[in-house]
Amino acid sequence: MVDQPVEHYRSSTPKSGSLYERAAAVMPGGDTRSVTYHDPYPSFVASGSGCRLRTEDGETLLDFLNNYTQSVLGHAPPAVVEAVTERFERGNGFGAPTTEAVALAERLVDRVPSVEQVRFANSGTEATMNAIRGAMAYTGNETILKIEGGYHGTHDTVEVAVDATGREHQGIPRDVEDRVLTTPFNDPEALKEAFATAGDDIACFILEPLMGVAGGLPADESFLHTARDLTEDHGVPLVFDEVMTFRLGYGGAQERYGVTPDLTAFGKFIGGGLPVGAFGGREDIMSVFHPHEGVADHSGTFNANPATMAGGIATLDALDEAAITDLNRLGDRLRAGVREVAADHDHPLRVTGDGSMFQLHLTDETVTDWASSAAGTEAFEDLFLAMRNRGVFMAPRGMGNLSTPMTDAEVDTFLETLDAALDALPETSS
Ligand SMILES: Cc1ncc(COP(=O)(O)O)c(C=O)c1O
């Protein structure tokens, strides 16, 4: 049976439709995040509890997006709500440090051996921006090497080569492009070439151990080892962006894949659902941020905001090794299930990912990098809507991830919904 996903969506979300009209009058595109938009309009969420969302239209959705990996414990986990509330009630933001910042920094340093010192910020964007700034201050170099398609937030340096559709991101000074080099994902030979040509001018090589936005693609361990060797040979700090991938291991993806970077950027869940970022690593590099002896500046009114720190502590304490193992097992189960569902349909459905992160692709191409991943994005929107109409929420471009309140039952529901949505998808979408 082929259904009419857009009509179905409009008729079940009239309140969101009118909220969207109101929003569009006062915010460009009706939102303040480009990524949350989808046609015909996004629906508005009133609340979240565990792994479920309640929309303004009164629907309940199983949340397989978790604010793009932020809500690893699901929504409103009681221990986090209690910690944040208790901290907030004692005042929040003093222009002076608090014990909560020390306690969260200690937890990150304990979990991630490559992180000897850490600083807090307010977003993953700020985390990668400051990690890069630290590397530049440390090396005295200004050239940044990144992966083609690698997404590291929205500051100028990392907005280069992020859109495989060719849509130009304007508003970025042209000379930024001159000092950003890119290299293809999982291609050790190209990486060797880049270092042979420019190695001594590079301030840092930044990459995600698993490309999140650019396809849910894990790096080959051999590629990561090549990156480690080349950066070491040239005295270039290796920066892992673990804003999303920290959830893949107790010590992040760097522990899971066995490669040690010099600097790491964090974000998403380490603030317990409040805005957060952090960057840390080798003490000799991080010392550039020392307030008296360092050469780089890093400040921010909301850095190490006490309520954020309290939320982060409660979250990290709950996300122990057992919780991560369980999440990763559920992820394996989901990916295996998707492959079985795909085998029963004519649509060219593929799945990538690792641990509790996954990405569905509707494309004939084998997905190996940002370009092949982008090939199926447009077609996926129909499948997204078909799943959304059946109560399963994920990213419009096919990205998903799991939260600890989920069990095998939610994964089964996901797979049954995917099966039904594919049944209903018109042939032209594939
Ligand atoms: C890998 C990665 N780095 C950095 C960022 C930027 O984080 P934020 O949106 O908190 O600025 C993101 C956001 O999704 C991300 O996925």
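Atoms within each ligand, like the ligands themselves, are counted from 1 in listed order. These numbers were taken from a predicted model, which means no experiment stands behind them.
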I'd like to know whether the aromatic ring centres of F64 and F414 sit less than 6.0 Å apart in this structure. yes
Measure the acute angle between the ring planes of F246 and F266, then classify it against the limits of 30° and 60° as parallel, tilted or perpendicular. perpendicular
For atom 8 (P) of ligand 1, what's the nearest protein heavy-atom neighbour? Residue, atom name and distance, please. G124 N, 3.4 Å
Going by atom types only, do R33 and N67 share a side-chain donor-acceptor pair under 3.5 Å? yes
Charged N to carboxylate O below 4.0 Å: is that the case for K192 and D187? no
Nearest heavy atom to atom 6 (C) of ligand 1, choosing from N122, T69, T125, belongs to T125
Under 3.5 Å, is there a donor on one side chain and an acceptor on the other for T143 and D201? no
Is any N or O atom of G153, backbone or side chain, closer than 3.5 Å to an N or O atom of ligand 1? no
A student checking ligand 1 against K268 at a 4.0 Å heavy-atom cut-off should list atoms 13 (C), 14 (O)
Below the 3.5 angstrom mark, is there an N/O of T128, backbone or side chain, next to an N/O of ligand 1? no
Heavy atoms only: which of Q70, E208, M244 lies closest to atom 1 (C) of ligand 1? E208
Residues E56 and K15 bridged, charged N to O under 4.0 Å: yes
Mind checking whether E126 has a heavy atom under 4.0 Å from ligand 1? no
Any heavy atom of Y68 closer to ligand 1 than 4.0 angstrom? no
For atom 12 (C) of ligand 1, closest protein heavy-atom neighbour: Y151 CE2, 3.6 Å
D284 and Y138: side chain donor to acceptor below 3.5 Å: yes
